[in-house]
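Residue numbering restarts at 1 for every chain, and letters A, B, ... go by the order of the sequence lines.
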Amino acid sequence: MPALSAQYSPKDNEEAIYKKWEASGAFQPNADTLKAGKKPFVVMLPPPNITGVLHMGHALQDTIMDILVRWHRMQGEPTLWMPGTDHAALPTNKIIVDQLFAEGKTKEDIGREAFIEKTEEWYEKTGALILNQMKRLGASCDWSRERFTMDTKYVQSVNETFLQYYKKGYIYRGARIVNWDPKTQTTVSDLEIDYKTEKAPLYTFQYGPFQISTSRPETKFGDKYVVMHPDDARYAQYKHGDTFTAKWINGEVMATVIKDDSIDMKFGTGVMTITPWHDVTDFEIAQRHKLPMEQIIDFEGKLLPIAGEFAGMKIEAARPKIAEKLEQMGLLVSVNKKYEHNVALNDRGKGVIEPQVMRQWFVDMSKLKEEAIAVAKDGQVRFVPSRWKEHFITWMENVHDWNINRQIWLGHRLPVWWKKGAHGTENEEGNFVVSVEKPKGDYEQDPDTLDTWFSSALWPFATLGWPEQTEDLKTFYPTSVLVTAREILYLWVARMVFSGLELAGNIPFKDVLIHPVVLAKNGQRMSKSLGTGVDPLELIEAHGADATRFGLMHQMSFDMQQMKFDPEAIRSAQNFANKLWNIARLLDGLEDREQVTIADQWIASRAQEISQEVSVLLTEYKIGEAARLLQDFVWSDFADWYVEIVKKEGSTSIARGVFADILKMLHPFMPFITEVLWEHSGNTDMLITSQWKFESHSKSDAAHDTVQQMDLFRSAVSAIRSARILFGVSMGSTVEVYIPEGVAMPESFERMAHARIVGEKKETMRSYPIATGGVLFLHSDEITSEALEKGRALLDARAQKIEAEITAVTQIVSTMEGRAPEEKVKEKKDQLVELQKQLQDIQDSRALLVL
RNA sequence: GGGCGAUUAGCUCAGUGGUAGAGCAAUUCGUUUACACCGAAAAGGUCGGGGGUUCGAAUCCCUCAUCGCCCACCA
């Protein structure tokens with residue numbers, strides 16, 4: 001056995017271990033257990049953007065998945081962690097457009113085909129860098145199954161989905177109001193809009209007999225309807241459908257009164273005019289009352305000819321000029337300059353959204369959402385933490401039809417073919433064919449591409465071969481757990497649920513784990529521009545992958561919504577890894593011994609308890625708690641106490657057995673170092689595929705009082721250490737102690753306490769109480785009178801504190817009696833007895849102090 | 001506007017009805033050959049404020065405050 005170095009070096013081990021795992025085929029689902037019909041454990045990696053790099057959110061998420069996957073693999077389940085990447089249409093599109101811009105070109109200059117070629121080159125060049133970064137973290141994905149949302153098979157799945165939805169009548173084309181981003185020239189989903197509060201003047205104008213307010217006078221050219229609440233007494237004289245003439249920007253208009261419930265009577269004058277083409281609420285009102293609509297602003301954000309003299313102007317420039325003209329016409333009633341309203345911005349690129357009525361493709365959600373709601377309600381799909389269940393259901397209940405086409409070139413093109421010249425014109429109807437292949441005749445493909453989420457919604461089954469009924473699909477679908485961030489709960493998770501149910505005929509996953517958002521320690525979002533970003537690869541470089549993983553888990557709990565990341569946790573985890581390493585070094589150096597001590601029995605039974613607790617915690621996804629429990633056990637019990645004993649006495653085989661159990665329990669959390677040490681201790685099989693079964697279980701049938709004896713031992717050693725400091729006795733000098741009859745101590749007692757046990761209690765001995773089981777006396781010539789005085793004061797203080805507590809508890813017991821459950825009262829009484837015993841100990845000690 | 005979450009030691013956080021916990025930092029001591037990426041000891045908290053339920057509340061309920069997030073988008 002080669003000697004271990006004094007410190008663990010992650011860099012010298014991680015790469016080699018990873019290669020070994022990969023070469024062994026351990027990352028692939030085990031063929032034997034599959035054949036034996038064992039139920040597989042399956043996790044889909046939420047496909048990161050192919051052009052992305054690993055950030056702390058990924059590191060957290062990937063660690064959680066890897067822990068679950070490794071743990072299930074060790075339980076002998078066929079385990080599949082399916083990796084892959086997403087084509088990231090919008091960000092990649094922007095990258096390519098920017099590249100072209102730098103060359104002084106536009107995408108139109110080079111044409112669609114050349115553009116697609118360029119993107120393919122880009123994908124080729126960047127590769128799936130992020131997946132390789134995951135390997136650094138130790139992710140045990142089945143790389144042989146890696147997929148990309150734009151690979152040939154995946155494109156087929158996407159097309160098939162479109163076709164099936166269309167056949168079922170879920171996909172329709174309709175003129176609807178959508179979020180148009182003039183900057184990037186595409187529609188944007190509701191979920192991908194950010195609202196920013198901005199100050200803008202709120203103008204109030206005279207409009208016929210009414211006063212109307214608006215922050216957007218530039219949209220008001222075509223307004224011909226005034227809307228008010230039917231119950232608004234102020235306007236009771238006006239009836240629905242009444243008409244009147246109003247002086248307006250470009251001359252007189254004939255306007256009509258509309259009564260609608262959606263009007264807020266308390267806002268402004270309670271009357272508004274509507275611009276259905278450019279406002280969602282107005283659009284809905286117009287639809288309800290079947291009112292005509294007219295476009296005022298074009299797709300570039302410029303005013304159309306309806307604006308008369310303002311035609312062709314950008315809206316931002318036109319706004320004050322229009323207000324000015326209305327003022328000159330004497331129509332401006334007032335301006336509120338402090339008015340605040342929300343401006344809709346595109347998440348990506350931050351273009352200001354201009355709602356437009358456009359002919360678009362939609363998925364009718366009415367039936368799909370019911371299916372998804374049902375499986376959330378009956379718990380087939382479970383959310384952790386459970387509060388997300390309600391969020392999910394509420395969102396689903398209110399979901400609108402899904403606008404699925406985007407006006408960018410990058411992405412999955414719609415399998416829709418238009419008769420030449422028909423697309424985008426008034427006579428669209430009936431002039432298209434939905435088909436993967438180009439139909440015979442003069443057809444051209446719809447220029448639009450699909451929303452990225454349309455394709456990612458298929459991830460759990462498309463990656464397994466759907467629509468073909470492949471072996472993989474039959475074996476691994478539905479998957480077990482989805483681990484994801486809450487920001488894509490609606491965008492992605494919800495859509496996977498209904499897509500899975502509708503297309504693959506089953507839920508896509510059973511449990512959805514929503515992990516916290518990783519923030520910088522000061523609570524700010526992690527971002528490069530703020531300088532708050534932390535690069536997980538740098539952490540791995542500096543502290544090792546195991547420490548990075550363990551540190552993250554040590555800090556994490558699924559109950560958190562955000563996790564303020566403290567890099568200190570990683571350093572601390574590195575120390576822990578090193579501790580583990582050095583325990584192994586010590587055990588290496590021990591000669592074999594077989595006699596069993598109470599310490600051996602104690603540690604074996606502790607290990608058994610811990611392994612059971614860890615299993616329970618992991619079943620409940622309490623990964624952070626499991627990590628904390630393990631660290632505490634290894635460091636505080638195993639290293640600080642047991643190892644100190646077993647280095648001189650006891651059974652080395654139990655020590656090594658329990659240590660092997662520790663390596664197993666820690667392996668899901670710290671895969672590299674545990675694998676290195678496992679191999680080092682002579683195992684021929686690999687830890688990654690070893691069984692989640694523990695040696696200590698067979699050796700832990702210790703007598704019940706073993707634990708009590710060890711407690712006594714530990715508190716005795718601690719008490720002597722405290723007393724030593726209290727009485728000013730240096731560590732160098734050995735103190736004499738008397739231990740009462742019948743108390744068994746491991747031989748190591750004298751060594752660890754720096755004490756010598758003397759046969760009988762001496763009159764001159766100074767005494768000191770210990771927490772359990774009687775009084776322990778200690779003697780040393782170094783104890784001075786001043787030290788004794790100090791000690792006495794301290795004992796007095798303690799006695800007082802306990803007396804106070806006894807008074808309090810006595811009171812509680814008397815009030816509890818007859819009211820609280822009997823066992824609870826008994827607990828309290830036991831506590832009282834315990835307190836009184838402690839007080840007696842202290843008083844005894846106090847009495848024996850010879851000054 | 002609606003909803004959710006957080007508020008516990010200097011910092012990051014555990015702890016869901018029974019004597020307030022960990023890691024890190026700060027303090028004191030210790031070069032005991034596994035580890036100074038260590039060990040030992042001691043210190044540190046009216047559990048955000050107020051009210052209620054209960055024999056008993058960090059924990060359950062109400063309320064207020066502060067911070068954060070999600071949803072909705074109001075002319």
Side-chain angles (χ1 to χ4, degrees), chain A residues 4 6-8 190-191 193 195 202 212-216 219 227 262-264 266-275 279-282 341-344 385 387-388 390-391 394-395 398 486-487 489-490 516-517 519 521-523 543 547 551 554-557 559-569 571-590 624-625 628 631-632 635-636 639-640 643-644 647 717-718 721-726 730-732 751-752 754 805 808-809 811-821 824-825 827-828 831 834-835:
Chain A
L4 297 173
Q7 275 175 24
Y8 171 59
D190 287 346
L191 293 169
I193 286 181
Y195 290 92
L202 179 71
I212 54 148
S213 297
T214 182
S215 57
R216 302 202 56 192
T219 64
V227 191
S262 67
I263 302 300
D264 178 0
K266 289 186 219 93
F267 188 94
T269 56
V271 184
M272 68 175 197
T273 62
I274 55 166
T275 313
D279 185 284
V280 178
T281 319
D282 296 3
H341 72 146
N342 286 331
V343 181
R387 66 185 122 92
W388 294 107
E390 280 309 314
H391 285 160
T394 311
W395 184 80
N398 298 314
R486 70 152 183 269
E487 57 181 5
L489 181 62
Y490 309 130
V517 176
L519 300 177
K521 193 180 169 182
N522 61 9
H543 307 286
H554 196 272
Q555 218 184 89
M556 191 217 44
S557 142
D559 291 326
M560 300 193 242
Q561 284 199 142
Q562 65 246 50
M563 172 172 142
K564 287 183 229 164
F565 174 70
D566 188 352
E568 198 54 45
R571 212 176 59 90
S572 158
Q574 187 187 2
N575 294 350
F576 178 53
N578 197 55
K579 189 76 184 177
L580 205 62
W581 185 260
N582 276 291
I583 293 170
R585 281 182 72 203
L586 178 115
L587 294 181
D588 263 7
L590 295 182
E625 227 176 295
R628 278 171 245 131
Q631 172 167 338
D632 191 50
W635 211 317
S636 305
D640 287 347
V643 166
E644 281 304 324
K647 63 163 67 158
V717 173
S718 290
R721 287 167 176 169
S722 301
R724 185 187 286 280
I725 285 171
L726 177 67
S730 67
M731 283 304 279
R751 178 171 50 88
M752 289 173 70
H754 283 258
E805 215 171 324
V809 175
Q811 180 104 43
I812 290 167
V813 169
S814 68
T815 46
M816 268 175 102
E817 246 156 349
R819 284 182 247 202
K824 296 285 183 187
V825 178
E827 251 176 57
K828 214 69 198 170
Q831 187 193 326
E834 184 61 34
L835 284 168

| Stepwise, does the side-chain contact (heavy atoms from CB on, under 4.5 Å) test hold for A:R486 with A:V517? | CA-CA 8 Å; A:R486 70 152 183 269; A:V517 176; 3.8 Å; yes
Determine the contact category for [X]: base if any of its heavy atoms lies under 4.0 Å from a base atom, sugar-phosphate if only primed atoms, P, OP1 or OP2 are that close, otherwise nothing.
X      : value
A:T394 : nothing
A:I263 : base
A:S718 : sugar-phosphate

| Tell me, which pairs form a side-chain hydrogen bond (donor to acceptor under 3.5 Å, both in side chains) where one or both residues lie in residues 576-586 of chain A, sequence neighbours left out? | A:N582-A:R585
If you round to the nearest 0.5 Å, how far is [atom2] of [Y] from [atom1] of [X]?
X      : Y      : atom1 : atom2 : answer
A:I583 : A:L4   : CD1   : CG    : 12.5 Å
A:I263 : A:T281 : CD1   : OG1   : 8.5 Å
A:W635 : A:L580 : CH2   : CG    : 10.0 Å

| Which dot-bracket string describes RNA chain B (Watson-Crick N1-N3 plus N6-O4 or O6-N4, or G-U N1-O2 and O6-N3, all under 3.5 Å; [ ] crossing; | other strand)? | (((((((..((((....[..))))..((((.......))))......(((((..]....))))))))))))....
Check: protein-nucleotides 67-72 of chain B nitrogen or oxygen pairs below 3.5 Å:
from, atom 1, to, atom 2, distance (Å)
B:G68, O2', A:Q562, NE2, 3.1
B:G68, N2, A:Q561, NE2, 3.1
B:C69, O2', A:R486, NE, 3.2
B:C69, O2', A:R486, NH2, 2.8

| Pairing residues for A:H391 by the ring-ring contact (aromatic ring centres under 6.0 Å, His included) criterion, not counting sequence neighbours | A:W388
Measure from [atom1] on [X] to [atom2] on [N] and round the result to the nearest Å.
X      : N     : atom1 : atom2 : result
A:N398 : B:G3  : CG    : C1'   : 12 Å
A:M560 : B:A14 : CE    : C1'   : 9 Å
A:M563 : B:C11 : CE    : C1'   : 15 Å
A:R751 : B:G39 : CZ    : P     : 16 Å
A:D559 : B:C13 : CG    : C1'   : 12 Å
A:K266 : B:G1  : NZ    : C1'   : 11 Å

| Side-chain (A:D282) to main-chain (A:I274) donor-acceptor, under 3.5 angstrom | no
For [X], check side-chain contact (heavy atoms from CB on, under 4.5 Å) against everything at least two apart and list the hits.
X      : answer
A:R628 : A:H554, A:S557, A:E625
A:E568 : A:D566, A:R571
A:N342 : A:Y195, A:T197
A:S213 : A:L202, A:T204

| field | Partner set under side-chain hydrogen bond (donor to acceptor under 3.5 Å, both in side chains) for A:D640, not counting sequence neighbours | value | none
What distance, rounded to whole Å, do you find between the two [atom1] atoms, one in [N] and one in [M]?
N     : M     : atom1 : answer
B:G45 : B:A9  : C1'   : 5 Å
B:G10 : B:U19 : C1'   : 25 Å
B:G68 : B:C35 : C1'   : 41 Å
B:C38 : B:G44 : P     : 25 Å
B:C67 : B:C60 : P     : 24 Å

| task | Just compare B:A14, B:C74, B:U12 and give me whichever is closest to any side-chain atom of A:K521. | result | B:U12
| query | Is A:E644 paired with A:K647 through a side-chain N to carboxylate O contact shorter than 4.0 Å? | reply | yes
| request: Return the minimal non-hydrogen interatomic distance between A:M560 and A:P516, and the atom names on each side. | output: O-CB, 3.4 Å
| remark: Per-nucleotide protein contact along nucleotides 20-26 of chain B, 5' to 3', at a 4.0 Å heavy-atom cut-off (B base, S sugar-phosphate only, - neither), is ---SSS-
| remark: By salt bridge (charged side-chain N to carboxylate O under 4.0 Å, His left out), A:K564 pairs with (sequence neighbours left out) none
Pairs under 3.5 angstrom, nitrogen or oxygen only, protein versus nucleotides 30-35 of chain B, please.
from, atom 1, to, atom 2, distance (Å)
B:A34, O2', A:N582, OD1, 2.5
B:A34, O2', A:R585, NH1, 3.1
B:A34, N6, A:E644, OE2, 2.9
B:A34, N3, A:N582, O, 3.2
B:C35, O4', A:N582, OD1, 2.9
B:C35, O4', A:N582, ND2, 3.3
B:C35, O2', A:N578, ND2, 3.3
B:C35, O2, A:K579, NZ, 2.9
B:C35, N3, A:K579, NZ, 2.9

| message | Less than 4.0 angstrom between a side-chain N/O of A:T281 and OP1 or OP2 of B:C73, yes or no? | response | no
